Structures are given as structure tokens and as C-alpha cells.
Q: 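Just dropping this structure here.
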Number of protein chains: 2
Amino acid sequence: MTEEQAAAKAGRPIDIILKLRNVVDSLSASEKQVAAFILDDLERATLTTVSGISEAVGVSEPTVIRFCRSLGCEGFKDFKIRLARNLAVSLQYINPKARAANDRPAFSDLVFSSLVDTLKVARDQLDAEIVDKAAKAIDSARQVAFYGVGGGSSIVAQDAANRFFRFGVMATAHSDGYLQRMQASTFGEEDVVVAISATGRPQELIDSLTIAKQYGATTLALTKPGSPLTKVSDVVIELNLPEHPEIFKPTATRLVFLCVIDVLATQVGYMRGEEVRETLRRIRSSLSSLHETIDPQPIGD
Amino acid sequence: MTEEQAAAKAGRPIDIILKLRNVVDSLSASEKQVAAFILDDLERATLTTVSGISEAVGVSEPTVIRFCRSLGCEGFKDFKIRLARNLAVSLQYINPKARAANDRPAFSDLVFSSLVDTLKVARDQLDAEIVDKAAKAIDSARQVAFYGVGGGSSIVAQDAANRFFRFGVMATAHSDGYLQRMQASTFGEEDVVVAISATGRPQELIDSLTIAKQYGATTLALTKPGSPLTKVSDVVIELNLPEHPEIFKPTATRLVFLCVIDVLATQVGYMRGEEVRETLRRIRSSLSSLHETIDPQPIGD
DNA sequence: CTGATAATGTAATTAAACTACATTTTTGAT
DNA sequence: ATCAAAAATGTAGTTTAATTACATTATCAG
């Protein structure tokens, strides 16, 4: 029983496509051929039989099953179900042949699938206890400041303030390192500073958290594990997110960070309960005369 | 052969979970029991057999198969593969029992799944021709302005400018209605204004597009179909996105809009090719001395 | 070159899906 | 209420497909 089979038994999902890509070079000659056939059209493989594959490839049926075993599956049936599940998670896996037809990727597939992939990774990494701790810190703070620099993190910080003010949190956001520092030095024990950075390396953020911490404020970071920013944070929501190699495609990381902010915001909203309903009602009321419509729309959102 | 079976034959995916929820009331008594067992734990159903289900439910094996047929599947094998694919698309379907255990939703599951669902809807609605037209307009514009109001759309506008400047597009963003109006009235035939709004109703945006259009600029909107904003736009990227009823959870719409901006940006990046690589290289170079690291990170992103 | 190991295939077995037909239940008409 | 027809359901048998056991072939190391 290999480690993967143990994992499969324990109910932990194997990312079968990733596994396939990792082990393909170490497969035997016949199994490599099976792999090539599968990778040529992943979707087709979920709709076919052992004998269909063995005939198409020119290997025996047990070789196909052995291939599945090489990937840590119990057998072909297990392999197919896993493949089907993986197939749908990442849209970019669908019919890679159609991709090769034109010289460049279908942009929406590339962007959407990369985001879905990264969201999945993030969801698996997100530590519910840490999120809970962060939400509690924000909920009980006198004021909360969100800091980001560099454009991507900047808008996450701004959006965070925009989220939390709706729930009655005294929230501000800054992306100017000078303002961050200045504000941080006015903070105290009842206050929270949240720094947002994909890399965890901007000196402005590290400095500002250090300053706020020195005056007794609680410091939070949404960032990469082990980065310098984590060293000056009381609570770290850490995410180690893969970066897609396509340089023309903007990073999915900032969108994932926004999603994490939404998780936090939702939790704080629940903590505050009816109190929040009233502030949300007021916000909606303040805007409804502008649009003259009452349907469920993200007005002012 | 029913319409659904014809669709399955033609390779069009049936959303099996949606279908199940739609037809459950019209199923026969025994098939209803099978449905209840399946819906109780969708994931479990992908891992079991016809006989497993028939025993657990107390019906015959052919009844289980008939159930699958009622959903438009060829048989149980077809049903299982479809379920597996559907299961993974929407994270919210995973183990609904675990949700019911606590009185309130698992926040990260709620937020992530809602976003993935909404992304799926958006990807299906996104018209590649319109996106192509929009990308071309942006690519050939002298300058591009992004306008949004209300917080959510504001950051999308800002982020858009942040995306496009990297590709050498003269891009600005404003969320102050006065500035929008003022800038729009300086625009001309070589310029593009992009308005971003989930509802398509803010008067500021409508006015600014009208003004820009009157001076010959090309107007683009990323908004809801049929809304007033579409009436003053030359090119409309329209998305009719569902809103989740959970009022404490921020809308996924703005994240989807950001993703659409990424699609546009990627396309413009490709159109510009090598020229863009140089500007990206410069940007990275300008920042690398700050972080003293060269690994693939979204620096300044 | 030889022996051991790994890879692969053939043939048989097993498991699971599925069909055909019988039985039971439900429905609608009188 | 009764009866016939239709629908639902189950039993038993058949077929399909996955899998195992064992034989054969290929490869590697000494």
C-alpha cells in the first residue's frame, strides 16, 4: 500500500491530473503510452473503458489497470471518478487539443480556470481557526486599518475597508507608505492593523506593522508563509499560492485575497448579527432613491 | 429518446445536480427515496454501486438504474461520471450534511462556492466576439479611462487601470462622478471610456458615457444586460449574474468583474506581444531591488 | 552469457451494470 | 365499489467490463 493509496483510503483527494504529470516520466514504456492517450484528451478518458483504451493504445487491459495503480488509484473505476472530479475543477484541462489548434490560449478559459484552480488551493490552505481569530480581532477592534502597496494589494486593502464599514467596523485603508506609518503610530491596544501582501516583503508594510505593534495594536497579515511580514504579525492568514507562468495574465492572487476578505467579512457579519442588518438596511435605503428599484442587486457594493 | 438523452449523446453536459433538484418532485415513490439518498451525500454516491444504493434504500437495482434514466442518463455509470463532474464544480455541494451540523454555514465554503458558481455562470455568458471588440478598442485607444462608483465597481475600475498601464495603455481610473464628467468631456475620437457597474444604473456613469460619446469617444460598459448604461455604450460586455441571498456575504459580482478585466488585459497583452514583455520587464526591474528576490512572484501586482 | 527482476500479455474469474419478464400497485373510468 | 389499463417495482438471468492469476517476454546487472 503506497502513501497515495493510503491517502485515497483515508478519503483525501488525490489530484489525479497533477499526479499524472508528476509521475509520467517514471512510468514504464507501455504505461507512458497510456498516459499520453489520457493526456491527449482527459475528458474522453472518463467516457471510455479499459478495453477501449487498451485497443486504442495497443497495450493489454491489465496494463491500463496497472497504469491507474501507478497513480495511486485502486483501479480504473477509481481513476475515472477522480479524473472526472479533477476535470471539472480546472477548466483549462478541458480538451487541450482545442487549445493547440490556435497558436494562443482561449483567454477566458485561461483566466477563469487559473482562478478556479487557485481558489481551490486557497480553500484547502485556509485555516479556519486562524480566520476565526482574525475575525474576532476585527470584530472587537476600536478601529481597523488595512494596508497594501503595489496596486493589487492596494485594492484588496481598499476593498476590505469597503466591506467592513458596512458592518459597522471603523475601517480605513491606505496604500501610501507614509500615511500607513503615520496612522500606525497613532494606534493603540484597542486597534488592529491588517497588512495585505502577496510576497510579504514590502518594507513599508513591515515597518508599519512593527510600529503599530510597538504601541500595542494587534497586527494581522494576509500573506505568504514564512515571509518577513509574518514575523511582525500576531495573526497570520497564510496562503502559499501558485503563480501561473503566463506572464500576460494578471495574477489570480489578488482575487483570491479578495475572496478571503469576503470570508472574514461574512464571519464578522455573523458575529454582529442583527446589528449589522440595520446598518445594511440603512446603506440600501440611502441608495435606493438613486436607482428607484428594490430588486436584489449589489447596490453600492 | 428524451431531449436530455439527446443532449447527452451530443456531448452537451447535463447539470445533473440541478436536474435532480428540478425533477425530484415528479419522481415515483421509490425513485424519490433514491434521490433522497443521493442528495443526502452526493460525494458518497460517486463512490458506491447500484447494489449498494439499492440495499441502503430498500429498492431494487433496476429501480436505481431507472432513477438514473429519469435524469436523462444512459445508466448508472453515466450518472456517476456526471455527478462526479458536477460535484467538483460547485464546492457547496460537498457534504451538505456537514453544513447542517452547525446552525450556520461554513463561511469559507459559502464564499468560495458562491464565487466558483458565479464564475461559471459568467464564463458561459461571456461573448468572445464582444470581448475581442472591447480588447481591440482598448488596444488602439490613445487613452482609456475606467469609471466605477459605489466601492465595488470603484476598485474594479482602479484595478483595470492598474492592469492596463502595465501593457503600455494610457489608463486612468476615477470613481468621483465630477472627475469622471470632467475627464469625459476632454475625450475625443481616439479615446475610450469604460464604465463598470453591476446594476448599470448610476446616473454619474450614464452621464459621463453620454458626454464622452458626444465628443466622439468610444464607450464601453461592463454591466448588466438591458440596463440604462448599455444604451449609451458602443460595446457592452454584459453579464447577468445571480446574487446569493445571504446578505452578510459580499457580492461575488465585483470579483467576477475583476476576472473579466483580466481576460481583457490578457488579450490586450497578447495583441501587443513583445512590446509588452519589455514594459513588464521594466516594471519588474524597477521593483526587484526592493525585494532582493527573483522568484516568480506577483511583485507590484 | 546467465540469472534475476521487471514489464507485459493471455486467459479466466469476478463484480457490477443492465435487460427481460413477472408481479404488484396505482389510477381512471364506469 | 369494481375492473381494466397503465405505471411502478422486483426477481432472475444475461451481458459487460474490471480485475486477477499465471505465463511469457524483455531488460538489467554481475
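The chains referred to below are lettered A, B, ... by the order of the sequence lines, with proteins before strands, and numbering in each begins at 1. Keep in mind the model is a prediction, meaning the values are calculated, not measured.
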Q: Which of these nucleotides, dG10(D), dA18(D), dG9(C), is closest to any side-chain atom of Ile65(A)?
A: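 From the listed options, dA18(D) comes nearest.
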Q: In whole angstrom, what separates Glu74(A)'s CD from dA16(C)'s C1'?
A: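 Atom CD in Glu74(A) sits about 15 Å away from atom C1' in dA16(C).
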Q: Roughly, in whole Å, what's the span from CZ in Phe76(A) to P in dA16(C)?
A: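 Rounding to the nearest Å, CZ of Phe76(A) and P of dA16(C) are 16 Å apart.
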Q: Within this structure, what is the CD1-to-C1' distance between Ile53(B) and dC18(C), rounded to whole angstrom?
A: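 Distance, rounded to whole Å: 15 Å.
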Q: Please determine whether side-chain hydrogen bond (donor to acceptor under 3.5 Å, both in side chains) holds for the pair Ser70(B) and Glu31(B), giving the CA-CA distance in whole Å, both sets of side-chain angles, and the decisive distance to 0.1 Å.
A: CA-CA 9 Å; Ser70(B) 297; Glu31(B) 289 184 24; 2.7 Å; yes
Q: Report the nucleotide, chosen from dT19(C), dA17(D), dT9(D), that has the shortest atom-to-atom distance to any side-chain atom of Ser30(B).
A: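 So the nucleotide nearest the side chain must be dT9(D).
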Q: Measure the distance from NZ on Lys32(A) to P on dA7(C) and round it to the nearest whole Å.
A: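 The answer, rounded to whole Å, is 11 Å.
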Q: Side chain of Val59(B), heavy atoms from C-beta onward: which of dG10(D), dG9(C), dT9(D) has the nearest atom to it?
A: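 Among dG10(D), dG9(C), dT9(D), the one nearest the side chain of Val59(B) is dG10(D).
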Q: For a quick check under 3.5 Å, do Ser28(A) and Ser30(A) share a side-chain donor-acceptor pair by atom type?
A: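 The criterion, which ignores hydrogens and geometry beyond distance, is not satisfied for Ser30(A) and Ser28(A).
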Q: Does dG10(D) have its OP1 or OP2 closer than 4.0 Å to a side-chain nitrogen or oxygen of Thr63(B)?
A: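 Thr63(B) to dG10(D) OP1/OP2: side-chain N or O found under 4.0 Å.
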Q: In whole angstrom, what separates Arg66(B)'s CZ from dT25(C)'s P?
A: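 In whole Å, dT25(C) P and Arg66(B) CZ are 15 Å from each other.
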Q: Tell me which nucleotide among dT8(C), dA8(D), dG10(D) gets nearest to the side chain of Pro62(B).
A: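 That would be dG10(D).
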Q: Taking atom C1' of dA18(D) as reference, at what distance in whole Å does atom NZ of Lys80(B) sit?
A: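 It is 12 Å, rounded to the nearest whole Å.
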Q: Using a cut-off of less than 4.0 Å, is there contact between a side-chain N or O of Ser51(B) and OP1 or OP2 of dA17(C)?
A: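 False: Ser51(B) side-chain N/O out of range (4.0 Å or more) of dA17(C) OP1/OP2.
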Q: Which residue, Gly75(A) or Ser60(B), contacts DNA chain D at a nucleotide closer to its 5' end, judged by nearest heavy atom?
A: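 Going by which nucleotide is closer to the 5' end, it is Ser60(B).
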Q: With a cut-off of 6.0 Å (strictly less than), are more than 12 heavy atoms of other residues, nucleotides or ligands near NZ of Lys32(B)?
A: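 Yes, because the 6.0 Å sphere around NZ of Lys32(B) holds more than 12 heavy atoms from other groups.
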Q: Is it true that the side chains of Gln125(A) and Asn240(A) contain a donor and an acceptor less than 3.5 Å apart?
A: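 There is no such pair (donor and acceptor under 3.5 Å, judged by atom type) between the side chains of Gln125(A) and Asn240(A).
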Q: Provide, to the nearest angstrom, the distance between the CD atom belonging to Glu61(A) and the C1' atom belonging to dA11(C).
A: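 Rounded to the whole Å, the gap is 11 Å.
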Q: From C-beta outward on Val50(B), which listed nucleotide comes closest to its side chain: dA21(D), dA17(C), dT9(D)?
A: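 The answer is dA17(C), which lies nearest to the side chain.
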Q: Taking atom types as modelled, find out whether Thr230(A) and Glu238(A) have a side-chain donor-acceptor pair closer than 3.5 angstrom.
A: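 On atom types as modelled, these side chains do not qualify, holding no pair under 3.5 Å.
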Q: Classify Val64(A) by what it touches in the nucleic acid, base, sugar-phosphate, or nothing, heavy-atom distance under 4.0 Å.
A: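 No contact.
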